[in-house]
Amino acid sequence: MTKHLNTFIIRIMGNKAGKIWGSTELIEANGSCEFHRIDFIKGGTCSKHMHEYKWNGFYVMSGEMKIRVWQKDYDLVDETILKAGDFTA
């Protein structure tokens, strides 16, 4: 672990975790973001969750991914569909 400007930079390669929808592997983490490789089962769904100080960005290597975002200000759900080579931040 390296201390840098009162923030810990954590480098963990290969830290895998099984999920009901597939698996996730932590590639990089620091005080403001985490970068994971995820492999999910076709039709699988991740739980609805919220980050107070983080954001999710995605890059699709193969297949398709549907992202749903529930906004605080209104009841509608924003939907984005990504295909191989697409990304969102």
Side-chain angles (χ1 to χ4, degrees):
M1 210 179 307
T2 305
K3 190 173 180 182
H4 178 70
L5 297 176
N6 297 325
T7 302
F8 288 97
I9 299 170
I10 304 167
R11 297 187 189 284
I12 304 172
M13 296 294 289
N15 186 7
K16 276 191 145 179
K19 304 284 186 178
I20 194 164
W21 46 262
S23 66
T24 181
E25 180 180 4
L26 179 61
I27 304 298
E28 178 73 25
N30 62 42
S32 62
C33 72
E34 292 182 5
F35 184 73
H36 294 257
R37 175 191 170 96
I38 62 171
D39 292 300
F40 59 93
I41 300 164
K42 185 175 182 174
T45 304
C46 163
S47 62
K48 182 178 174 182
H49 62 279
M50 185 176 94
H51 300 287
E52 192 169 344
Y53 299 108
K54 287 195 237 179
W55 55 270
N56 286 112
F58 299 95
Y59 172 78
V60 177
M61 295 177 68
S62 65
E64 261 184 32
M65 179 181 208
K66 183 188 294 183
I67 302 165
R68 291 187 181 114
V69 178
W70 287 261
Q71 302 295 335
K72 292 181 184 179
D73 300 339
Y74 53 90
D75 292 333
L76 297 176
V77 177
D78 294 333
E79 254 186 25
T80 303
I81 296 175
L82 301 178
K83 297 183 180 193
D86 291 343
F87 68 92
T88 185

Test item: Trp21 and Thr45 side chains (from C-beta on) under 4.5 Å apart, heavy atoms: no

N/O donor-acceptor pairs under 3.5 Å from side chains in residues 62-69, not counting sequence neighbours:
unit_1 : atom_1 : unit_2 : atom_2 : d
Arg68  : NE     : Glu79  : OE2    : 3.0

Residues that Asp75 engages under side-chain hydrogen bond (donor to acceptor under 3.5 Å, both in side chains), provided they are two or more places apart: none

Thr24 to His36 - nearest heavy-atom pair and separation: OG1-ND1, 3.1 Å

Verify same cluster id: Tyr59, Ile81 (apolar side-chain graph, 4.5 Å): no

CG on Asp78 to CH2 on Trp70, rounded to 0.5 Å: 10.5 Å

Cluster link Leu82 to Met61, ILVMFWY, side chain under 4.5 Å: no

